[in-house]
> 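Below is one structure. I have some questions about it.
Lettering follows sequence order; numbering is per chain, from 1. Only this structure's heavy atoms are used, side chains among them; waters, hydrogens and symmetry mates stay out.
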Protein chains: 2
Amino acid sequence: MRGKVGPATMREVAERAGVALTTVSRAFSNPDKLSPDTLRRIADASAELQYTVNLSARSLRKRSSGMLLVLLPDIGNPFFSLVLKGIEEGAREGGRVLLIGDTGSDATLADAYAGQLDAGTVDGMILIDGRVPFPHGSPARARLMRAPVVALSEHVDDPSIPFVGIDNRAAGRDVAHLLADLGHRRLGHIAGPAANGLTTLREQGFAEGARERGCDLLGTATGDWSIGSGQAAAADILSWPHRPTAIFAANDEMAIGAVHALAAAGVSVPGELSVVGFDDIDFAAVGSPALTTIRQPRFAMGRAAVEAVTARIEGRTTAEPARILPFERVMRASTGPLGSGQTAAGRG
Amino acid sequence: MRGKVGPATMREVAERAGVALTTVSRAFSNPDKLSPDTLRRIADASAELQYTVNLSARSLRKRSSGMLLVLLPDIGNPFFSLVLKGIEEGAREGGRVLLIGDTGSDATLADAYAGQLDAGTVDGMILIDGRVPFPHGSPARARLMRAPVVALSEHVDDPSIPFVGIDNRAAGRDVAHLLADLGHRRLGHIAGPAANGLTTLREQGFAEGARERGCDLLGTATGDWSIGSGQAAAADILSWPHRPTAIFAANDEMAIGAVHALAAAGVSVPGELSVVGFDDIDFAAVGSPALTTIRQPRFAMGRAAVEAVTARIEGRTTAEPARILPFERVMRASTGPLGSGQTAAGRG
DNA sequence: ATCCCTTATGAAACCGGTTTCATAAGCCGT
DNA sequence: ACGGCTTATGAAACCGGTTTCATAAGGGAT
């Protein structure tokens, strides 16, 4: 007697329950179409055999896998944590599971992942990475545009893809206004990577807000979103000929790095220098000093993105090209009014 | 003329290239078996049709999906970030992609995810959550044990599952020794959730180490790994009749929360109270004071876990039930020698 | 020239489900 | 008793690949 290999199949369940294969299939998809008696026999049989549906077979036939692909540049970035939780929850409610792709520094990797969309492995895709797979104008890109894809947090350079996120330019302006309201006139900026869309919008907004309030934007140091790059940027800023009295870092991690570097250099925050971050990650609240920042509704953003992509998958054409969510100022201890230790002209 | 729907299939590529379906299949799996000429014709044809392999069909036939399921309790926890990067990288090198399941607080969710293993959706599973799916002794659990599953970071209560991680008990002991070496004699502990395996090991190790060095473990406050729970725990400890001179928090987030709460209460760290964390997450290095902690080789742990699960998938029976990686002390500014402001007897 | 072996390709079975279409049974109204 | 309609079930086609087995062509060795 040869042992059976692998898990039980529908055919085996059917045999055991004394019904046709078809009937078992229906028991799992349209139970109300069957007589209670048959249904119970099938339930018993599949319990005895510990039967589970083979999803590859199902998705092959149904042309739908029940999976959502999430593409992000760095799983390690704490900004994504709550966003992912939102996506995860929304996906689960829709009966779908998540495939997560970390595109990292390798740009071609996104292409590889995106291929899964074509390959039928996934039903839809959420792009948290601004870099859209495939070069502009390529056939692959064109096809991608027609698939259920949503851009989250960061705009992509293709207008046909719906966007979910905040108004980053407005947020950048708001930071400048916030600092101007505290009396600051000499501002500095720690930006993200140059190629990044968020970098551009936040920087432009910040510059715009500074101009509106008659502030001087003395300069911009460039980081890469990491804590370490924030430290380096702060060191850079301290070497500027004219030192700002307030700095806006384009994310919280760089801001935290900057605060650390400033403290190490003996510069008091906010006594000598105010620092504002962006995102309001968990650690922003418990630094010392606690970080003033712009809160993004991360969880809600995740939810909105799944909702949008699900709508497209199910053909409910939401004629909604963008969903802009509100951001929020969070005032904490890393900012203060222009103090006595500082002059409007700075240290010069 | 009716328009074609959906992406191109192998049959269409074969037709266009003037070869048999079989040959196209081989062109994608065993290219060296074909003549250069045929290969080129197929390459051209599939490029023109923008053909991509349907992975559902492939995995149905091959009985392997090329996916790894990672089950963790909380994507938001920064401890996992580097671990996931390690897993991701290893999986990619093995030609596999990652399915990530956040089991959160819902214990039954793990069962749902684990069902995917049976369903053939995934080839293997990495459990970073100590709670193994399915109740002990159930047939489903038994079946799970036979599948390619590896426990990462936290032991599971089933000895048949290989483990990858550090020796948490030894690490807990090491923290006690570290503090004893600094002269501390009155210790406190902030533990993780009671049901958790890591909680137990670290706490037992810490108590053991304290005993070995003749230290008093004055008490244990319980948290849930979160920053907020660390703050609450610190407040609790300050209310103890006998205050310790050093605290060991079972992870960095609780330690950071504790440091914050202590600062808010006017207690200087490490002047009046030393604090040690666990994990060495990125933010540990840039707090003020920077956190003394135990570094886990997070990236290496991820790599080791994929390697182990891959070995099982591919049948290379690694007769290796556990892979224990080394941890490392990281001394920073949140600990100091028992100072003049403190007495060996504490404040009483 | 004959036989054997290798190499390139094709026909058909197969993976495990879903879905369409057919059929049998049961019920109703006349 | 009979035609028409609904309900429960089954047979077979189908999803898009992979794999086994067969076959034809080409190349030495004898």
Side-chain angles (χ1 to χ4, degrees), chain A residues 4-43 45-46 49-66 115-123, chain B residues 4-43 45-46 49-67 95 115-123:
Chain A
K4 207 180 60 60
V5 296
T9 71
M10 259 190 188
R11 184 181 315 281
E12 291 163 9
V13 174
E15 226 163 84
R16 184 171 197 116
V19 297
L21 169 63
T22 314
T23 308
V24 180
S25 174
R26 267 190 280 262
F28 284 89
S29 44
N30 278 43
D32 19 314
K33 287 289 195 178
L34 299 184
S35 78
D37 176 56
T38 319
L39 210 51
R40 227 183 42 71
R41 286 222 310 288
I42 292 176
S46 45
L49 293 172
Q50 300 176 25
Y51 172 73
T52 51
V53 184
N54 180 317
L55 296 181
S56 294
R58 169 178 287 176
S59 83
L60 169 60
R61 180 63 224 234
K62 298 185 83 162
R63 298 155 158 282
S64 144
S65 63
Q116 307 260 337
L117 234 187
D118 269 328
T121 316
V122 300
D123 296 344
Chain B
K4 209 179 59 57
V5 298
T9 71
M10 258 190 189
R11 187 181 311 283
E12 292 164 6
V13 173
E15 226 162 84
R16 182 168 197 118
V19 298
L21 170 62
T22 313
T23 309
V24 179
S25 174
R26 268 190 281 258
F28 284 90
S29 45
N30 278 43
D32 18 314
K33 287 290 195 180
L34 300 185
S35 78
D37 176 56
T38 319
L39 211 50
R40 225 181 43 73
R41 287 222 310 289
I42 292 176
S46 46
L49 292 172
Q50 300 176 25
Y51 172 75
T52 52
V53 184
N54 181 317
L55 296 180
S56 294
R58 168 178 290 176
S59 83
L60 169 59
R61 180 62 224 236
K62 296 184 82 163
R63 298 156 155 281
S64 143
S65 63
M67 292 192 208
Q116 307 262 337
L117 234 187
D118 269 329
T121 315
V122 300
D123 296 344

> Rounded to the Å, how far apart are Arg40(A) CZ and dA8(D) P?
17 Å
> Using a cut-off of less than 4.0 Å, is there contact between a side-chain N or O of Thr38(B) and OP1 or OP2 of dT9(C)?
yes
> When rounded to the nearest 0.5 angstrom, what distance separates CZ in Arg41(A) from CG in Leu34(A)?
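Reported to 0.5 Å precision, the distance equals 10.5 Å.
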> Going by the side-chain hydrogen bond (donor to acceptor under 3.5 Å, both in side chains) test, name the single residue among Ser59(A), Ser64(A), Ser65(A) that passes it with Ser56(B).
Ser59(A)
> How close or far is atom P of dG17(D) from atom CG of Asn30(B), stated in whole angstroms?
17 Å
> Taking side chain to side chain contact (heavy atoms under 4.5 Å, CB included) as the definition, give me every residue that meets it alongside Ser35(A), ordered by chain and number, with sequence neighbours left out.
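Listed in chain order: Asp37(A), Thr38(A).
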> If you compare every side-chain N and O of Ser56(A) against the phosphate oxygens of dG17(C) (OP1, OP2), does one of them come in below 4.0 Å?
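No, outside the criterion.
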> Pair Thr9(B), Glu12(B) - check side chain to side chain contact (heavy atoms under 4.5 Å, CB included), show working.
CA-CA 5 Å; Thr9(B) 71; Glu12(B) 292 164 6; 3.8 Å; yes
> Got a list of protein N/O to nucleotides 18-22 of chain C N/O distances below 3.5 Å?
unit_1  : atom_1 : unit_2   : atom_2 : d
dT18(C) : OP1    : Arg58(A) : NE     : 2.8
dT18(C) : OP1    : Arg58(A) : NH2    : 3.1
dT18(C) : OP2    : Ser25(A) : OG     : 2.6
dT18(C) : O2     : Arg61(A) : NH1    : 2.9

> Does a side-chain N or O of Thr9(B) approach OP1 or OP2 of dG16(D) to a distance below 4.0 Å, or not?
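Checking dG16(D) against Thr9(B), no side-chain N or O comes under 4.0 Å of OP1 or OP2.
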> For the pair made of CG in Leu49(B) and P in dG17(D), what is the distance, rounded to whole Å?
12 Å
> Would you find a donor on one side and an acceptor on the other, under 3.5 Å apart, between the side chain of Asn30(B) and the backbone of Lys33(B)?
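Pair absent, no side-chain N/O of Asn30(B) close to backbone of Lys33(B).
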> Looking at every non-hydrogen atom in both residues, tell me the closest pair between Pro31(A) and Leu39(A) and how far apart they are.
O-CD2, 3.7 Å
> Once you apply a heavy-atom cut-off of 4.0 Å, does Leu60(A) come out as touching a base, just sugar-phosphate, or nothing?
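Result for Leu60(A) = base.
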> Find which nucleotide of DNA chain C each of Arg11(A) and Leu39(B) is nearest to by heavy atoms, and output the residue with the more 5' nucleotide.
Leu39(B)
> Mind calculating the distance between CG (Asp32(B)) and P (dA8(C)) to the nearest angstrom?
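Computing the Asp32(B):CG to dA8(C):P distance gives 10 Å.
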> Measure the distance from CG on Leu55(A) to C1' on dG17(C) and round it to the nearest whole Å.
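Atom CG in Leu55(A) sits about 10 Å away from atom C1' in dG17(C).
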> Working to the nearest 0.5 angstrom, can you tell me the gap between Leu60(B) CG and Arg61(A) CZ?
12.5 Å
> Just list the side-chain donor-acceptor pairs under 3.5 Å for residues 15-26 of chain A, sequence neighbours left out, or say none.
unit_1   : atom_1 : unit_2   : atom_2 : d
Arg16(A) : NE     : Glu48(A) : OE1    : 2.5
Arg16(A) : NH2    : Glu48(A) : OE1    : 2.7

> If the helix axis at each end comes from five base pairs, how far does the helix from dA1(C)-dT30(D) to dT30(C)-dA1(D) deviate from straight, to 10°?
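Terminal axis comparison yields 40°.
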> Return the set of residues passing salt bridge (Lys or Arg N to Asp or Glu O under 4.0 Å) with Arg11(B) (not counting sequence neighbours), or none when no residue passes.
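Here no residue qualifies.
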> Taking all heavy atoms of Tyr51(B) and all of Ala8(B), pick out the closest pair and write down the distance.
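In this case the closest contact between Tyr51(B) and Ala8(B) is CD1-O, 3.3 Å.
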> Is there any protein nitrogen or oxygen under 3.5 Å from a nitrogen or oxygen in nucleotides 25-27 of chain D, and what are the pairs?
none

> If I take atom CE from residue Met10(B) and atom CD1 from residue Ile42(B), how far apart are they, to the nearest 0.5 angstrom?
9.0 Å
